[in-house]
Amino acid sequence: MTSVAEETSPQVETPQRPARTARSIAWARRAPLMPALIFMIIVTQLPFVATLVISFMDWNAYYPAEIGFAGVDNFKRVFTDVNMRDAVLTTIWLTAGVVLISLLLGLGIALLLDRKFRGRGAVRTMMIAPFLVVPVAAALLWKHALYNPEYGLFNGAITWVWKLFGSDNPPQPDWISNMPLWAVIFALVWQWTPFMMLILLAGLQGRPLDVIEAARIDGANGWQIFRSMTLPHLRQYLELGALLGSIYIVQNFDAVFTITSGGLGTANLPYTIYQIFYQAHDYGRASAAAVIVVLGTIIIATFALRTVSSLFKQEANR
């Protein structure tokens, strides 16, 4: 028989109950996201795991009876192959050229669009349009509407200028044959300059205007303000644009495939992997090359994420 004191004394809440409640709340918040997380794992991670497994196999469709474990031989062949080394160099030149030119043009356009003028919103919308064009459509536009030596816009403009000065025999260069890599670079610059412009324009609009106005009052001219205040403020935005652009341009396949079909020294890593996989049918070596590209992209993406997180921290501290 229990005493009256035991019946009337309040029950002490155990310390485990709040912890269980917190875990229940956390799982209740995460549960709706689980289907999306599972879907992303299936779509993104399982194919990469399969590619990683195949990269260690000797698997060529022309020799189905010789499929087996190859160890790191595929990776050795990737690093010692002359065509692969040329593809790496082409990828570096293509990425560096597109990123640098796009950043410079994007910075100039962002500085112009940061000024107030009539119709600025419409001009911004039109400047973004090239980035919204489907990559294959953009490459076809440049190949046929601009570069074509017979009816392209560039040669038409040259013909018009020469006839304006009284010449009836204007040059009609074949742009793709004469400068194949630059033909691909210019097409990608046209498409990626709006992306760089958007990032840098966002950075310009986050400048401390009161400090800039104080510098103008103290007698600083436009170049001094740009060099000492605007450019240091845009440093992280420039880094972010370069890193994000590099991530996507390293993986570019559409422009190379559409404009030059990988010929004339324009075959980059994605196109070379395509040739190894779909033409040579060497699945093991193609998978090894793809794994190397993915690892390089992850390294670049890591620096991009660090830059983004530092920008968010700066915005939070303001």
Side-chain angles (χ1 to χ4, degrees), residues 39-99 134-136 138-140 143 176 180-181 183-185 187-188 191-192 243-304:
F39 175 78
M40 288 297 297
I41 292 174
I42 294 174
V43 172
T44 62
Q45 302 306 313
L46 290 185
F48 178 71
V49 172
T51 304
L52 187 62
V53 172
I54 296 173
S55 66
F56 291 99
M57 297 178 63
D58 184 8
W59 187 355
N60 193 310
Y62 290 123
Y63 308 100
E66 300 179 4
I67 298 176
F69 181 72
V72 295
D73 289 344
N74 290 323
F75 293 92
K76 291 180 180 178
R77 293 173 62 190
V78 168
F79 285 111
T80 56
D81 188 6
V82 176
N83 294 327
M84 189 62 66
R85 287 201 299 267
D86 293 340
V88 171
L89 292 176
T90 301
T91 304
I92 293 173
W93 283 112
L94 181 66
T95 304
V98 173
V99 169
V134 178
V136 174
L140 289 172
K143 181 178 182 179
I176 297 177
L181 187 60
V184 178
I185 288 175
L188 291 174
Q191 193 166 23
W192 281 94
L243 291 170
L244 292 178
S246 299
I247 290 172
Y248 289 103
I249 296 168
V250 162
Q251 306 175 47
N252 183 269
F253 174 82
D254 311 80
V256 175
F257 178 81
T258 305
I259 296 176
T260 62
S261 297
L264 303 174
T266 60
N268 58 349
L269 277 172
Y271 188 85
T272 304
I273 294 171
Y274 159 78
Q275 286 182 315
I276 296 173
F277 194 93
Y278 287 102
Q279 296 179 7
H281 295 284
D282 193 345
Y283 303 147
R285 188 156 59 99
S287 299
V291 169
I292 294 172
V293 173
V294 170
L295 293 178
T297 306
I298 290 174
I299 293 172
I300 300 174
T302 302
F303 288 105

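Listed here is the closest heavy atom pair of Tyr271 and Ser261: OH-O, 2.6 Å. Residue Pro47 comes nearest to Val43 through the heavy atom pair CG-O, 3.1 Å, listed as atom of the first residue, atom of the second, then distance. Minimum interatomic distance between Ile185 and Trp93 (heavy atoms only, all atoms of both residues): CD1-O, 4.3 Å. The shortest heavy-atom contact between Val99 and Gly245 is CG2-C, 4.1 Å. Residues Val250 and Pro270 approach most closely at O-CG, 3.3 Å, considering heavy atoms.
Checked by atom type and distance alone, the side chain of Gln191 never pairs as donor or acceptor with a backbone atom of Ala187 at under 3.5 Å. For Asn268 (side chain) and Asn252 (main-chain N/O), a donor-acceptor pair under 3.5 Å exists by modelled atom type. The main-chain N or O of Met57 is found under 3.5 Å from a side-chain atom of Asn74 such that the two form a donor-acceptor pair. Distance alone, capped at 3.5 Å, is enough to place a donor-acceptor pair between the Thr91 side chain and the Leu269 backbone. Checking side-chain atoms of Thr95 against main-chain N and O of Ile92 turns up no donor-acceptor pair under 3.5 Å.
Contact of the Thr90 side chain with the Val256 side chain is not registered, since no non-hydrogen atoms from C-beta on lie closer than 4.5 Å.
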Listed pairs under 3.5 Å, donor-acceptor, residues 286-302 side chains, sequence neighbours left out:
unit_1, atom_1, unit_2, atom_2, d
Ser287, OG, Tyr283, O, 2.8
Thr297, OG1, Val293, O, 2.8
Thr302, OG1, Ile298, O, 2.8

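With a 6.0 Å radius and a threshold of 12 heavy atoms from other residues, nucleotides or ligands, Phe48 has its CZ atom above the threshold. More than 12 heavy atoms of other residues, nucleotides or ligands lie within 6.0 Å of CZ in Phe253, so this atom counts as buried by the packing criterion. Other residues, nucleotides and ligands place more than 12 heavy atoms under 6.0 Å from the CZ atom of Phe69. Dense packing is recorded around CZ of Phe56, with more than 12 heavy atoms of other residues, nucleotides or ligands lying under 6.0 Å away.
Within the structure, every pair that satisfies the salt bridge (Lys or Arg N to Asp or Glu O under 4.0 Å) test and touches residues 281-300, not counting sequence neighbours, is listed here: Arg77-Asp282, Asp81-Arg285, Asp282-Arg285.
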Evaluate Ile259 against Ile176 for side chain to side chain contact (heavy atoms under 4.5 Å, CB included), listing each step before the verdict. CA-CA 8 Å; Ile259 296 176; Ile176 297 177; 3.9 Å; yes

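The side chain to side chain contact (heavy atoms under 4.5 Å, CB included) test applied to Tyr62 returns Asn60, His281, not counting sequence neighbours.
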